[in-house]
Structures are given as structure tokens and as C-alpha cells.
Q: 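Quick one: the structure is below, questions incoming.
Count residues from 1 along the sequence.
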Amino acid sequence: MGAILKRELSSYFNSAIAYIVMAVFFGFSGYFFIITCFMSNNSSLSYTFSNMFVIIVFLTPIIAMKSFSEEKRQKTDQALLTSPANLFEIVLGKFLGAFILYAICCLIFFVFGLVIQMFTPANWPVIICTTIGILLLGGALLAIDIFISALTESQVIAAVIGMAVGILTYMLSTIVSMTSSITWLSNAINAISFTNYYQNFTYGILDLTGVVFFLSVIALFIFFTIRVFEKRRWS
């Protein structure tokens with residue numbers, strides 16, 4: 001798995017993907033930080049974290065789109081599948097490569113905390129708690145996007161479908177309010193609403209239910225991705 005992880009990280013930083021993703025992430029997070037903190041004379045990063053959800057929805061598919069799509073397009077997936085590593089190690093290596101790039105982007109929030117600390121005491125427990133939440137959110141979206149990447153050899157299709165799914169997860173809380181008259185449907189959608197779980201973290205609440213939810217989504221879609229390649233291997 002280590003070799004796959006190293007190969008994946010190398011492929012990101014040897015291409016423009018890593019630098020484009022980091023530039024966009026840092027640019028938007030910096031913009032939200034200036035607007036919601038400096039211009040509003042506010043020391044809380046909660047609004048910055050909340051606004052980043054929609055940006056993450058568009059960036060995670062870009063990070064994950066090449067995970068397996070590129071392997072299939074270049075016909076190197078067969079070599080990968082016949083390597084000494086088992087399917088779990090292959091998929092987990094791909095996921096961790098994408099997640100580490102995403103985690104590097106999230107380090108900017110600690111920089112913002114240090115900037116706030118220069119003017120007023122920063123609420124570090126809230127910053128750390130919310131960073132955990134944004135890492136879990138991104139991890140769940142990346143797991144979904146990697147699964148989508150395993151279904152097609154087109155990076156563009158993988159990215160577009162990933163963004164569509166991400167927008168859907170972002171809109172689930174709105175759909176809940178629209179279906180409030182249908183109790184069972186509203187409750188079912190609310191139970192899988194990414195926004196509801198993530199929002200608790202932005203308030204500085206280390207919600208164990210949210211932690212379990214996001215980790216479950218990650219585990220579920222890693223399992224689905226493994227099953228995709230198990231089916232191909234046997235066929």
C-alpha cells in the first residue's frame with residue numbers, strides 16, 4: 001500500500017492538479033476569512049468553515065477524478081490489479097493519496113487561527129474541532145468520488161458526476177424542509193444530510209454521531225469500490 005500511496009501523491013504533485021486545487025482552496029478560504037473575520041471584526045472561523053462546504057463539493061471530484069479513470073484510460077489498471085497488493089490496499093492507497101492532498105489544503109485554517117491569535121485570543125478548541133469535521137466531510141466526499149472514478153475511464157465524466165453528487169449532498173437539508181409534510185421521508189433524508197452533521201462541527205461540537213456517520217460513508221464507498229474491481233477481476 002505504501003508504494004501505491006507514494007505513487008499517487010507523486011502523480012498529484014508532478015502534475016498541475018495539486019497546485020490548482022491548493023490555489024483554489026487557499027484563495028476561497030482566504031476570501032471567506034477576510035470577509036467573515038477581518039471585515040466583520042469577528043474572531044470566529046465558523047462562517048469561514050460553513051462557506052467552504054460548497055467549495056469542497058467542487059474540489060474533491062477534481063482531486064479524485066483521476067484515481068482510477070486515468071488507470072483505465074491508459075490501460076494500466078490490469079497491471080495494478082495483478083500487482084502483489086490486494087484490492088483493499090490498492091483502493092485504500094488511492095484514497096489516502098487523495099485525502100493527504102486534501103488535508104494539506106486544510107492546514108490553512110491553522111494559519112488563520114495564528115493570524116487571529118495576533119490580534120485576539122483564538123478559540124483553538126473550536127478551530128481544531130471544526131477542522132476535524134471538515135476533514136471528515138472531505139474524506140466522505142473523496143470516498144464517493146473515488147467510487148465514481150472506478151466506474152468510468154473518463155476523468156471529465158467522473159468529475160461532473162462527482163460534483164452533481166456533491167451538490168445533492170449539500171442540498172439535502174433544503175430537501176428536508178421541502179418534504180417536512182411527509183414525516184418519514186423528511187426523517188430519512190435528514191438522517192443522511194451531510195450538512196446537518198457538518199454544521200455541528202462548525203459550532204465547535206465534536207459530534208460523535210457525525211464522526212461515526214462520515215467514517216461509515218468512507219468505509220462504505222471504499223467497500224463499494226473494492227467490489228467494483230472484484231467483479232471485474234472475476235469477469
Q: If we count only N and O atoms by modelled type, under 3.5 Å, do the side chains of Thr36 and Thr48 hold a donor and an acceptor together?
A: yes
Q: Determine yes or no for a side-chain-to-main-chain donor-acceptor pair under 3.5 angstrom, with Ser10 supplying the side chain and Lys6 the backbone.
A: no
Q: Indicate the atoms forming the closest heavy-atom contact of Met65 with Ile62, along with that distance.
A: CG-O, 3.4 Å
Q: Would you please classify the geometry between the Phe214 ring and the Tyr197 ring as parallel, tilted or perpendicular, with 30° and 60° separating the classes?
A: perpendicular
Q: For the hydrophobic clusters of this structure (ILVMFWY residues joined by side-chain heavy atoms under 4.5 Å, transitively), does one cluster hold both Val91 and Leu215?
A: yes
Q: Do the side chains of Ile90 and Asn86 get nearer than 4.5 Å, heavy atoms only?
A: no
Q: Check whether Ile205 and Met52 end up in the same hydrophobic cluster, where Ile, Leu, Val, Met, Phe, Trp and Tyr are linked by side-chain heavy atoms less than 4.5 Å apart.
A: no
Q: Say whether Phe53 and Tyr47 are linked into one hydrophobic cluster, either directly or through other cluster members, by side-chain heavy-atom distances under 4.5 angstrom.
A: no
Q: Looking at Phe99, I'd like to know if the NZ or CZ of Lys94 sits under 6.0 Å from its six-membered ring centre while staying within 45 degrees of the ring's axis.
A: no
Q: Do Val160 and Phe147 share a hydrophobic cluster (ILVMFWY, side-chain heavy atoms under 4.5 Å, transitive)?
A: no
Q: With side chains defined as the heavy atoms from C-beta onward, is the minimum distance between Ile146 and Phe221 less than 4.5 Å?
A: no
Q: Looking only at atom types and distance, does a side-chain atom of Ser46 sit under 3.5 Å from a main-chain N or O of Thr202, one as donor and one as acceptor?
A: yes
Q: If I take atom SG from residue Cys106 and atom CG from residue Leu101, how far apart are they, to the nearest 0.5 angstrom?
A: 10.0 Å
Q: For a 4.5 angstrom cut-off between non-hydrogen side-chain atoms, does Leu45 reach Cys37?
A: yes
Q: Supply the atom-to-atom distance Ile192 CD1 to Asn196 CG, rounded to the nearest 0.5 angstrom.
A: 10.5 Å
Q: Phe58 and Ile167: side chain to side chain contact (heavy atoms under 4.5 Å, CB included), yes or no, with the steps?
A: CA-CA 8 Å; Phe58 287 98; Ile167 292 171; 3.8 Å; yes
Q: Do we see a donor-acceptor contact under 3.5 Å between the side chains of Lys66 and Ser11?
A: yes
Q: Using modelled atom types only, decide if a donor and an acceptor are shared between the side chain of Ser69 and the backbone of Ser149 within a distance under 3.5 Å.
A: yes
Q: So how far is it from Leu206 CG to Asn200 CG, rounded to the nearest 0.5 Å?
A: 10.5 Å
Q: Is there a side chain to side chain contact (heavy atoms under 4.5 Å, CB included) between Val211 and Asp207 once you walk through the steps?
A: CA-CA 6 Å; Val211 172; Asp207 182 14; over 6 Å; no
Q: Please report whether the ring centroid of Phe194 lies less than 6.0 Å from that of Phe213.
A: yes
Q: Work out which heavy atom in Ile157 is nearest to a heavy atom in Ser154; give both atom names and the distance.
A: N-OG, 3.2 Å
Q: In Å, rounded to the nearest 0.5 Å, how long is the span from CD1 of Ile226 to CD of Glu89?
A: 10.0 Å
Q: Can you give me every donor-acceptor pair (side chain of residues 126-144, partner residue at least two apart or in another chain, under 3.5 Å) with its distance?
A:
from	atom 1	to	atom 2	distance (Å)
Thr130	OG1	Val126	O	2.6
Thr130	OG1	Phe201	O	2.8
Thr131	OG1	Ile127	O	2.7

Q: Nearest 0.5 Å please: distance from the OH atom of Tyr12 over to the CD1 atom of Ile104.
A: 11.5 Å
Q: Quick one, Ile63 and Asp145 - any side-chain contact, counting heavy atoms below 4.5 Å?
A: no
Q: In residues 107-120, what donor-acceptor pairs under 3.5 Å come from side-chain atoms, sequence neighbours left out?
A:
from	atom 1	to	atom 2	distance (Å)
Gln117	OE1	Ala122	N	3.0
Gln117	OE1	Trp124	NE1	3.0

Q: Mind listing the side-chain donor-acceptor pairs of residues 16-34 below 3.5 Å, one per line with the distance, residues two or more places apart or on another chain?
A:
from	atom 1	to	atom 2	distance (Å)
Tyr19	OH	Phe13	O	3.0
Ser29	OG	Phe25	O	2.8
Ser29	OG	Phe26	O	3.2

Q: Once rounded to the nearest 0.5 Å, what's the spacing between atom CZ of Phe88 and atom CZ of Phe95?
A: 10.5 Å
Q: Is there side-chain contact between Ile100 and Leu5, with at least one heavy-atom pair below 4.5 Å?
A: yes
